[in-house]
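To keep things clear, I will list the structure first and then write my remarks on it.
Worth knowing before you read on, the calculation uses all heavy atoms, side chains too, and leaves out hydrogens, waters and symmetry mates. Convention: sequence-line order gives letters A, B, ...; per-chain numbering from 1.
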Amino acid sequence: MGVSSVHALQWKSLLLNNRCFGRYGVLGWRQYSVWNSVEDQYNGLYPGHIPTNPVQKALLAVGSGVVALQDPYRHDMVAVLGETTGHLALIRLRDRMRNNPEGYSILIERPRIRLCTLNLSRMSSLPEGSLGREYLNFLEKNRVTPDSRADVKFVDNEELAYVMQRYREVHDLMHTLLGMPTNMLGEVAVKWFEAAQTGLPMCILGAALGPLRLSASRLQSLMTSLGPWALRSGSQARCVLSVFYERRWEQNLEELREELNIEPPPLILTASKKAPTADLHQ
Amino acid sequence: MAASFRLLARRALCHSTQIVNPAYRSGITGSGCRAEVTICRCYSDGSEEKSTHFGFQTVPEGEKAERVYKVFESVAKKYDVMNDAMSLGIHRLWKDMLLHIMNPQPGTRLLDTAGGTGDISFRFLEYTRSMQERQQRMAVKSNQTPSWQDIADSYAAEDADTVLPETRAVVCDINKEMLKVGKERAESQGYSAGLSWVVGDAEELPFDDDQFDIYTIAFGIRNVTHIEQALQEALRVLKPGGRFMCLEFSKVSNPLLSKLYDAYSFQVIPVLGEVIAGDWKSYQYLVESIRRFPDQETFKNMIEDAGFFRVQYFNLTGGVVAVHSGFKL
């Protein structure tokens, strides 16, 4: 796959020469520069890769699971849990992407969703109801940025690492497609959708344990309408990672939902006025 | 030992080329003798920097200090939590043992280099305080018929500081973040009398000669770029009769324990670093730097070469940690 290796190099160079670098959350971004300032070469298959053996992966999975449960604001722990437990699901996802022509082009071209790769001025000039415009509205209303996704560290295959990274970056688009805000209820609904779609153990765990933190009335609405809708949409929909969103900013959101076989949301939820929100994705 | 010959050779070269190359004396890395560098220059293609180890990586010497600084800057906040987690609390026993061997008397001046979060200094102040109280109690007991002068003195002494005025602990560290954490701990635990915090490089201490009775460096010397330099500085700032003490990870002699220790170090500790502090690579550096540090005998010889006498070491936990001690005479 000569072409894909060229694009793989471009992906890696975007990671290395990262001028549009965002926060790591728990870690300061200075952290990144300690270990990558010197080297053009790096240990591992991609920048940020830390090779681990099965024992270390098991320990990481257990440790990160415990910490993530205790403190859901530790986004990096949720990320690590996803990476260490998601090998089989990532392979399945990658194969689904390969079998789809659009997904295959994503695997070859390796697009990244970051503030520096988005043409914000063009997107804000798009009409209301288009994917690009709705996405920007979502980012603004919920006060989130696509740059706060942690980089993949513990996946030992370069292509699967990209699939994981793509999953993380497309999460906000999921929110837009499903019309869910970033409060707890919205996150749980999206988690159910993703669990049905991707089968990642971290999503399944989040989907199972997320409802425990909801109030009774929200739990009610989750169980009766949002939950079944999310599961239905998730299992019926086309693979959402196989959609080249970067080429579809002008497309109407409703039209895209129909194309992907996602039902429109049964309830309209509004974004909460206060930050911070618990992040169950990564 | 090879290390001592190198040191002697370097010193000899230094003296002989001192007159010839005064311009090189202002070392960037703080190295006192640039003779080796000038000779290297003849053979290399103009790159001045020698390289040294940073864990299992090789880096230019000038860079190691900066990288170590950044490592400790990032781990400072979770340093104590991680210490407890990694050593299962045993590091407290090691530090207590260091104090026990040190057996400081009230009125001692301590320099705690690479003291960071202040563990050794706090223990030192506790020890001297309790020693002082015990001495006072024994003095009272033996003083069955005090004179009027003694009784008057004891009234005055009741208001005085519980710490003897001369008992001083100076915490010196190159890293401001670690000192910041240390100061906060001191406040919360109530240590203030006789404690100072100084930013300084172990290779170039900001103190005059012959200042301190005891010099300690606990789990810090393996991070120093030029260990011999740090040892010479220690010799300089100690008073004659002063004691040098170093607590550091060392080589485990028992092969079974060594295998277990290696497995634990490389499998578990970086994972703990990632899970608790969110930083795998700093703790990977930590366990690698332990492996790169010389063993007990080699380090003992290095201390002797620096000019200390009566150098001995005590193994703790089967050699996982060793306390080296030497005297300046």
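Rounded to the nearest 0.5 angstrom, A:Leu59 CG and B:Glu274 CD are separated by 12.5 Å. Separating the CD atom in A:Gln56 from the CD1 atom in B:Ile269 is a distance of 11.5 Å, to the nearest 0.5 Å.
In B:His53, the NE2 atom is crowded: over 12 heavy atoms of neighbouring residues, nucleotides or ligands sit closer than 6.0 Å. More than 12 heavy atoms of other shown residues, nucleotides or ligands fall within 6.0 angstrom of atom NZ in A:Lys57.
Heavy atoms of B:Leu272 lying under 4.5 Å from chain A are absent altogether. For A:Leu60, the parts lying under 4.5 angstrom from a heavy atom of chain B are both the backbone and the side chain. Neither the backbone nor the side chain of B:Val59 comes within contact range of chain A; no heavy atoms are under 4.5 Å apart.
Taking 4.5 Å as the limit, every side-chain heavy atom of A:Val80 sits out of range of all side-chain heavy atoms of B:Trp280.
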Taking it one step at a time, do B:Gln267 and A:Asn53 satisfy side chain to side chain contact (heavy atoms under 4.5 Å, CB included)?
CA-CA 8 Å; B:Gln267 308 304 325; A:Asn53 59 38; 2.8 Å; yes
